[in-house]
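Encoded as structure tokens, the structure appears first; notes follow it.
For ligands, and for the atoms within them, numbers begin at 1 and follow the listed sequence. Count residues from 1 along the sequence. When reading the values below, keep in mind they use all heavy atoms of this one structure, side chains included, and skip hydrogens, waters and symmetry mates.
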Amino acid sequence: MDIRIEPGDITQIDTDAVVNAANSTLLGGGGVDGAIHRRGGPEILTACKELRATAYPDGLPTGQAVATTAGKLPARWVIHTVGPVFAKKEDRSHLLAACYRNALLAAAEVGAESIAFPAISAGIYGWPMDDAARIAVETVLATAPQVEGTVREVVFVPFGASAEAAFRAQLDA
Ligand code: AR6
């Protein structure tokens, strides 16, 4: 598996799949979620509403992942996942790891050969960037054997200089 870093706006990346740091409603929000829905157009929201009406009437649980169309984005699929809100008094790392693992498995299921990840939970949900990057890189490396033969390329898309430094430090480690 080829793993690389491409800093910037994930809505511009032309991997087969891009991951959305969504919330459990799947109905949009700020951050990456807002950018993906804005640039991808209304088709994505329509697909999300359909999921809410069928598979996820109570919303997408934290740590799970589900694929929809990517609408007008260069990517073919958006894989929505819900990161945990950071909490000092409770270790929710397993839920953040589950986001990366389940997004990769969802990518393999639809047949995506490449996937781009934002720093899930490291914005509005408050996860410290260095730790978010560590969990991201470790989980992708640990899950790679399970998606071998399908997902060949993983791109981390840090937004801003400190995010980029955090991901570079993990990949160089
Ligand atoms: N491309 C790549 N990364 C981005 C972009 C972009 N266009 N925009 C922001 N980031 P966040 P979360 C970075 O807040 O913490 C939404 O309202 C951002 O700088 O998007 O998982 C959802 O609906 C940060 O490093 O996601 C949820 O309610 C990282 O992406 C909630 O926010 C993640 O920040 C999810 O919060």
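Protein heavy atom nearest atom 3 (N) of ligand 1, with residue, atom name and distance: F159 CB, 3.4 Å. Nearest non-hydrogen protein atom to atom 27 (C) of ligand 1 is Y125 OH, 3.5 Å. Protein heavy atom at the shortest distance from atom 20 (O) of ligand 1 is V32 N, 2.8 Å.
Note on ligand 1: S121 sits in its first shell, one or more heavy atoms being nearer than 4.0 Å. Residue contact annotation: G8 has a non-hydrogen atom under 4.0 Å from ligand 1. D9 counts as a contact of ligand 1, since one of its heavy atoms falls under 4.0 Å from the ligand. Not a single heavy atom of G83 sits less than 4.0 Å from an atom of ligand 1. Contact annotation: A163 has no heavy atom less than 4.0 Å from any atom of ligand 1.
Which parts of ligand 1 touch N23 is read off a 4.0 Å heavy-atom cut-off, strictly below it: atoms 22 (C), 23 (O), 27 (C), 28 (O). The distance from ligand 1 to the heavy atoms of G31 drops below 4.0 Å at these ligand atoms: 8 (N), 20 (O). Proximity to A119 (heavy-atom distance under 4.0 Å) selects the following atoms of ligand 1: 29 (C), 33 (C). Each of the atoms 21 (O), 22 (C), 26 (O), 35 (C) of ligand 1 lies under 4.0 Å from some heavy atom of A21. Each of the atoms 16 (C), 17 (O) of ligand 1 lies under 4.0 Å from some heavy atom of G30. Here is the list of ligand 1 atoms found below 4.0 Å of a heavy atom in M129: 25 (O). Atoms of ligand 1 lying under 4.0 Å from at least one heavy atom of D33, given by number and element, are 22 (C), 23 (O).
In the hydrophobic cluster analysis, where Ile, Leu, Val, Met, Phe, Trp and Tyr join through side-chain heavy atoms closer than 4.5 angstrom, I135 is grouped apart from I124. In the hydrophobic cluster analysis, where Ile, Leu, Val, Met, Phe, Trp and Tyr join through side-chain heavy atoms closer than 4.5 angstrom, W77 is grouped apart from V19. Linking ILVMFWY side-chain heavy atoms closer than 4.5 Å, directly or via other members, places I10 and V137 in two distinct hydrophobic clusters. Under a hydrophobic clustering in which Ile, Leu, Val, Met, Phe, Trp and Tyr are joined whenever their side-chain heavy atoms come within less than 4.5 Å, directly or via other members, I79 and L45 fall into different clusters.
For I10, a nitrogen or oxygen atom sits less than 3.5 Å from a nitrogen or oxygen atom of ligand 1, counting backbone and side chain alike. Residue I124 has at least one N or O atom closer than 3.5 Å to an N or O atom of ligand 1.
Contacts of A35 with ligand 1, taken as heavy-atom pairs under 4.0 Å, involve the side chain alone.
Each of K49, H37, K72 was checked for a side-chain contact (heavy atoms from CB on, under 4.5 Å) with I44, and the lone residue meeting it is H37.
Note: F167 and F156 meet the aromatic proximity criterion, with ring centroids under 6.0 Å apart.
Using the six-membered ring where Trp is involved, W127 and F86 have ring planes that are perpendicular, over 60° apart on the 30 and 60° scheme.
In this structure the side chain of V154 never reaches within 4.5 angstrom of the side chain of R4, judged on heavy atoms.
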Side chain to side chain contact (heavy atoms under 4.5 Å, CB included) assessment of I36 paired with V78: CA-CA 8 Å; I36 283 177; V78 172; 4.0 Å; yes
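For the pair Y56 (side chain) and V66 (backbone), a donor-acceptor distance under 3.5 Å is absent.
Around the CZ atom of R134, the shell of radius 6.0 Å holds more than 12 heavy atoms that belong to other residues, nucleotides or ligands.
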